[in-house]
2 protein chains.
Amino acid sequence: MSLMELLPVRDVTACCSPLTREAIGEDNASNLASSLRALADPARLRIISMVAAHEDAEACVCDLTEPLGLGQSTVSHHLRILVEAGYLTRSKRGTWAYYKLVPGALDGVARLLVTV
Amino acid sequence: MSLMELLPVRDVTACCSPLTREAIGEDNASNLASSLRALADPARLRIISMVAAHEDAEACVCDLTEPLGLGQSTVSHHLRILVEAGYLTRSKRGTWAYYKLVPGALDGVARLLVTV
DNA sequence: CATAAACATTGACAAACGTCGATGTATTAA
DNA sequence: TTAATACATCGACGTTTGTCAATGTTTATG
């Protein structure tokens, strides 16, 4: 178990000014890189997109496994990364775990990339 | 030498609609993931930021090596990834290689992440 | 031509990553 | 209580990644 797993979920929006506005510091660069690395995977991008497109804008693991063409444990793994990075929330109801987008999380990282 | 190196530099802006607007396809997810993976490294984020902050908004390898605290070959490696991903251009003058931001490249990927 | 400078490329290595199958853990249903 | 379902976690694996030292390449200079 790494240290990262014990820390609270990352708040992507609480950071620095846009990347090209002023020279980014070492720590902010590492944080932003972590946020981007969580997004930089085809399966995880599709998960985010599928969650957003799903009714009530939430989805359980079972909704994602088959369309992704990945094993259940792999999907759980990706969801975990997205939750820890602050892009998704998890709420358990019965035996199901429902995942939702965190409002503003994607916009927060997008804001840091924009140059205009 | 991989196939990727022979292809023209990726155009990040020529892609799909925002990630959360409609379900992203498999190919678009892979392409966007590649674009994000190129950004998802602290050294490369700092390179982009330093190039933007440098005078005339361009910098050579020698400008970057020391502040990054990385070897010259490592910096060249990162620059290569950023050029191939379409974020930087390279122009050689004399023995120097000058790197500049590709206008709109960062905004293109930011646009795909934004939800509003 | 010979040397030096700036950069690219190669090869090697350890660390991180994506995937899977197997197992563990709640929760519901019979 | 037993069985089944939905999901998380673990262990193992092949692949990719970031880094460096060494070498190759190009351009300017003596």
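The separation between A/Arg46 atom CZ and C/dG18 atom P is 15 Å, rounded to whole Å. Atom P of nucleotide C/dA12 and atom NE2 of B/His77 are separated by 17 Å, given to the nearest angstrom. Atom CD1 in A/Ile81 sits about 13 Å away from atom P in D/dA8, given to the nearest Å. For A/Leu88 and D/dA8, the CG to C1' distance is 16 Å, given to the nearest whole Å. Distance, B/Glu66 CD to C/dA6 C1': 16 Å, rounded to whole Å. Atoms CG (A/Leu36) and C1' (C/dC17) sit 17 Å apart, rounded to a whole Å. In this structure, B/Lys92 places its NZ atom 11 Å from C1' of D/dA28, rounding to the nearest Å. Atom pair A/Leu64:CG and C/dT19:P shows a separation of 14 Å (rounding to whole Å applied).
A/His78 places none of its side-chain heavy atoms less than 4.5 Å from the side chain of A/Leu64. Counting heavy atoms from C-beta outward, A/Ile81 and A/Tyr87 have side chains that stay 4.5 Å or more apart. Taking 4.5 Å as the limit, every side-chain heavy atom of B/Asn28 sits out of range of all side-chain heavy atoms of A/Leu45. Taking the side chain as every heavy atom from C-beta outward, A/Leu88 and A/Leu101 approach each other to under 4.5 Å.
In this structure, A/Ala43 and A/Gly94 both approach DNA chain C, and ranking their closest nucleotides by distance from the 5' end singles out A/Ala43.
With D/dC7, D/dG18, C/dC20 as the candidates, the nucleotide lying closest to the side chain of A/Ser76 is D/dC7. Candidate nucleotides C/dC7, C/dC20, D/dC7 were compared by shortest atom distance to the side chain of B/Cys60, and C/dC7 ranks first. Picking from D/dG18, C/dC17, C/dG18 the nucleotide with the shortest atom distance to the side chain of A/Asp41 gives C/dG18. Closest to the side chain of B/His78, out of D/dT19, C/dC20, C/dG18, is D/dT19. Distance from the side chain of A/Trp96 is smallest to D/dA6 among C/dT19, C/dA5, D/dA6. Nearest to the side-chain atoms of B/Thr95 among the listed nucleotides D/dT27, C/dT19, C/dG18 stands D/dT27. You'll find that the side chain of A/Arg37 is closest to C/dC17, out of C/dC17, C/dC20, C/dC7. Nearest to the side-chain atoms of A/Ala97 among the listed nucleotides D/dC20, D/dC7, C/dC20 stands D/dC7.
With hydrogens and angles ignored, no donor-acceptor pair closer than 3.5 Å exists between the side chain of A/Ser73 and the base of D/dA8. For A/Gln72 and D/dA8, a side-chain-to-base donor-acceptor distance below 3.5 Å is present, hydrogens and geometry of angles not being considered.
A/Leu36 contributes atom CG, which lies 6.5 Å from atom CG of B/Leu36 (distance to the nearest 0.5 angstrom). Atom-to-atom distance recorded for A/His77:NE2 and A/Asp41:CG is 8.0 Å, nearest 0.5 angstrom.
The side chain of A/Arg80 places an N or O atom within less than 4.0 Å of a non-bridging phosphate oxygen (OP1 or OP2) of D/dT9. For C/dA6, neither phosphate oxygen OP1 nor OP2 lies less than 4.0 angstrom from any side-chain nitrogen or oxygen of B/Tyr99. Within the 4.0 Å cut-off from OP1 or OP2 of C/dA8, at least one side-chain nitrogen or oxygen of B/Arg90 is found.
Nucleic acid contact class of B/Arg44 (heavy atoms, under 4.0 Å, all strands): sugar-phosphate only. Using a 4.0 Å heavy-atom criterion, one finds that A/Tyr98 contacts no nucleic acid atom at all.
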